[in-house]
**Student:** 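There's a structure below that I have some questions on.
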Amino acid sequence: MNDQTKSVKKKYSLYWLITLLSFLITAVLIWQNSFNKGTLVKISIDSAEGIEAHKTQVKFRSVTVGMVENIHLNEDYTKTIMETRIYPSYDDLLRKDSLFWIVKPRIDTKQISGLSTLFSGSYIELNLGKDDQMSDEFECMNEPPVYAGEDTVNIVIDSHYDRILESTTAIKYKGIEIGQIAGHNYDIKNDRIIYTAKIKKSYASLVSNKAVFWVDSGFSVNFGSSGFNFSIPSLDNLMIGSVNVTTFEHFDQKPLNEWMEFSLYKDYTSAKASTLEDNPKYVILVENNTQDISVGSEVMFRNSKIGEVLEIPYFTDPLDIYDLNKPIPILIVLDIDAEKKAVDKVKAIFDEHIKSGDLCASVGVSNLLLTTGDIINIEINPKKKCSSRSKVYRDYAVIPLVEYESMFDSVHKFGKNLSKVDIEAISKNVNKSLTNLNETILSLNRVVNELESKKTVDKLNKTIVSYNSDSEVYRSLITVLNKLNKSISDLDPTIKKLGQKSNALVFSTSEKDVEPKVSGKK
């Protein structure tokens, strides 16, 4: 019995338990180090400057999620491959559209970033994508992505403008940054630059299919009918510029969609003109020079701007400019922000008055002091008829031009008339008048000095005092006046009698008149 008990104890010895535990630990270590080390991904980059194997980390939201294990060149030596191990618990970060870029010290025109890496060394930043598909091959970006982690709408902007806009160039709407340029490529075949840009989703409603983009250098000088305007919106714009966007046409708009295409114009004037291509156009034929009229000059109707000059000169053949017998054509366009029916109605009204000959154009000075061009005034006046040598030019109706006199001609005429004025004679008359005026002032000055002298003032004071109510002269005058009044009162009855009977002073007024009698009768 005792022998059997001992044999059972030997079967459950602790030595076997320790051996089994060691085997499990070894299996776990082998699994973790060989089979469960995480996903190995290949990240290609142009240059691995500042990247070291087993030192450079991969971070997401400042949390280390991986480590670079190996660095080598690809087969054709055009790229550097960074073999990077992403830790097992972060495999979900490897979405197909996830982004990688190197964080290192950067100094550009907009900001200074990555200064913390001066001590810790460069690292690879990861931005989580939204694609459901996973991947193990990525391309590392040379620059940090625009609006990483924010919801944006991608768009494409093509440009024939020769200036290159750098990544992170701001896209602004009324001065508010609503997006940025993300990158650019050059289309050699079509000689244009194609930009990719991102618009913040919170501002996507501000950009529609009718939106127009143009380059804003930050420095604006404008001469127009309203005068001289000068503005510098911001120091950033002056240094690096920006892209402005707005909508000139507010009809038939569609919301912004992913990868919608737009065009980029070199300035506001070009951007504005691009929206007027479908608007009514007319031609004005100028017989003499057009030096005061330029592209963008305003077209006015009843003191309101209704359009602008679209092209000048608008010759069919560019060589026609050398033919002095041919007038210079100016293409104008009506700027009417309304539905097509309303625009067509305005065009019908203008066409009707052109046929009747009472719609005329004239050129006026936009600003007497500072101006880059005159304005074209359109007038409808049934009492004033006008005509042109041509009714149509290049399929556009011609608006007759009347009483054209350029600003240069006006100034020249004024100078010519001014030269006829006898300036020397006017100068002599002015000098003579000034001499007479000086003599008059001197005479007045002498009179004032005499009045201010002490003797004259004293005499005047004595004279005034002598006529005071308490003076002897005043009392004598009063006595004489009283006697005169009494005498007049005494004479008053006599004057009345004389008025009634003119002989009252000779005959007594008490006797009765003698009645004549006839003799021989009783």
Side-chain angles (χ1 to χ4, degrees), residues 39-53 55-74 76-86 90 92-117 120-131 133-157 164-171 177 179-186 193-201 240 243 258-259:
T39 304
L40 185 66
V41 299
K42 294 181 179 180
I43 304 174
S44 62
I45 191 172
D46 292 333
S47 173
E49 180 183 1
I51 304 299
E52 297 182 44
K55 287 187 178 181
T56 301
Q57 299 175 336
V58 179
K59 293 186 178 183
F60 175 70
R61 299 185 183 277
S62 300
V63 176
T64 302
V65 296
M67 178 78 71
V68 175
E69 292 188 351
N70 186 27
I71 303 173
H72 60 85
L73 296 173
N74 64 353
D76 57 1
Y77 308 112
T78 58
K79 292 282 185 178
T80 300
I81 305 299
M82 299 181 295
E83 293 184 352
T84 305
R85 183 75 63 180
I86 301 300
Y90 301 114
D92 190 51
L93 296 175
L94 300 177
R95 306 286 180 92
K96 189 175 182 179
D97 58 344
S98 292
L99 302 176
F100 293 84
W101 70 94
I102 296 176
V103 178
K104 58 184 178 180
R106 299 177 188 274
I107 301 176
D108 55 32
T109 54
K110 293 190 68 176
Q111 62 181 350
I112 299 175
S113 61
L115 293 181
S116 61
T117 60
S120 61
S122 301
Y123 63 89
I124 299 174
E125 182 74 21
L126 185 152
N127 182 59
L128 178 62
K130 298 180 180 179
D131 202 316
Q133 295 183 7
M134 311 303 287
S135 177
D136 59 359
E137 292 187 2
F138 299 91
E139 185 171 350
C140 188
M141 303 173 63
N142 294 321
E143 300 288 339
V146 175
Y147 301 133
E150 293 189 44
D151 289 335
T152 58
V153 178
N154 295 291
I155 62 174
V156 177
I157 306 175
I164 303 296
L165 300 176
E166 299 296 334
S167 299
T168 71
T169 298
I171 298 175
E177 182 176 319
Q180 286 186 4
I181 298 294
H184 65 271
N185 290 308
Y186 181 61
I193 302 170
I194 300 177
Y195 295 96
T196 56
K198 293 182 180 292
I199 304 297
K200 294 181 180 179
K201 215 160 191 178
I240 61 176
V243 174
E258 194 80 8
W259 301 114

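What you see is a predicted model, and the numbers here were worked out from it, not measured in a lab.
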**Student:** If you look at every heavy atom in Thr80 and Leu73, which pair is closest and at what distance?
**Tutor:** OG1-CD2, 3.8 Å
**Student:** Run through Ile43, Asn70, Val41, Thr56 and flag the one making a side chain to side chain contact (heavy atoms under 4.5 Å, CB included) with Met82.
**Tutor:**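 Considering Ile43, Asn70, Val41, Thr56, a side chain to side chain contact (heavy atoms under 4.5 Å, CB included) with Met82 is found only for Ile43.
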**Student:** Side chains of Met141 and Leu99: does their closest heavy-atom pair fall under 4.5 Å?
**Tutor:**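 They are in side-chain contact.
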**Student:** Does Glu258 have more than 12 heavy atoms from other residues, nucleotides or ligands lying within 6.0 Å of its CD?
**Tutor:** yes
**Student:** Examine Lys198 relative to Tyr147 and say whether NZ or CZ is less than 6.0 Å from the centre of the six-membered ring and inside a 45° cone about the ring axis.
**Tutor:** no
**Student:** Looking only at heavy atoms, what is the nearest atom pair of Phe138 and Arg95, with distance?
**Tutor:** CE2-O, 3.1 Å
**Student:** Identify the heavy atoms of Ala53 and Ile71 that sit nearest to each other, and give their distance.
**Tutor:** N-CD1, 3.9 Å
**Student:** NZ of Lys200: more than 12 outside heavy atoms within 6.0 angstrom?
**Tutor:** yes
**Student:** What do you reckon, is CG of Asn185 surrounded by more than 12 foreign heavy atoms closer than 6.0 Å?
**Tutor:** no
**Student:** Minimum heavy-atom separation for Glu83 and His72, please, with both atom names.
**Tutor:** OE2-NE2, 3.1 Å
**Student:** Identify the heavy atoms of Gly183 and Ser167 that sit nearest to each other, and give their distance.
**Tutor:** CA-OG, 3.7 Å
**Student:** What verdict does the side-chain contact (heavy atoms from CB on, under 4.5 Å) test give for Tyr90 and Val63, after you've listed the backbone C-alpha separation in whole Å, the side-chain angles of each residue and the deciding distance to 0.1 Å?
**Tutor:** CA-CA 11 Å; Tyr90 301 114; Val63 176; 4.0 Å; yes
**Student:** Taking Asn74 for the side chain and Lys79 for the main chain, is one N or O donor matched with an acceptor at less than 3.5 Å?
**Tutor:** yes
**Student:** Between Thr64 (side chain) and Lys59 (backbone), is there a donor-acceptor pair under 3.5 Å?
**Tutor:** no
**Student:** Can you tell me how far CD1 of Ile102 sits from CD1 of Ile45, rounded to the nearest 0.5 angstrom?
**Tutor:** 3.0 Å
**Student:** Roughly how far, to the nearest 0.5 Å, is the CG atom of Asp136 from the CG atom of Leu40?
**Tutor:** 8.5 Å
**Student:** What distance separates Phe100 CZ from Glu139 CD, expressed to the nearest 0.5 Å?
**Tutor:** 12.0 Å
**Student:** Mind checking the OG1-CG spacing from Thr196 to Asn154? Nearest 0.5 Å is all I need.
**Tutor:**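 The OG1 atom of Thr196 sits 7.5 Å away from the CG atom of Asn154.
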**Student:** From Thr84 OG1 over to Gln57 CD, what is the distance, rounded to the nearest 0.5 angstrom?
**Tutor:** 12.0 Å
**Student:** For the CD1 atom of Ile194 and the OH atom of Tyr186, what is their distance to the nearest 0.5 Å?
**Tutor:**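 Ile194 atom CD1 to Tyr186 atom OH measures 10.5 Å (nearest 0.5 Å).
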**Student:** If I compare all heavy atoms of Leu128 with all of Asp92, which pair ends up nearest, and what's the gap?
**Tutor:** CD1-O, 3.9 Å
**Student:** Please confirm whether the backbone N or O of Lys130 pairs with a side-chain atom of Asp97, one donor and one acceptor, at under 3.5 Å?
**Tutor:** yes
**Student:** For Ser98 and Leu93, indicate whether the former's side chain and the latter's backbone hold a donor-acceptor pair under 3.5 Å.
**Tutor:**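 Yes, the answer is positive, given that a donor and an acceptor are paired below the 3.5 Å cut-off.
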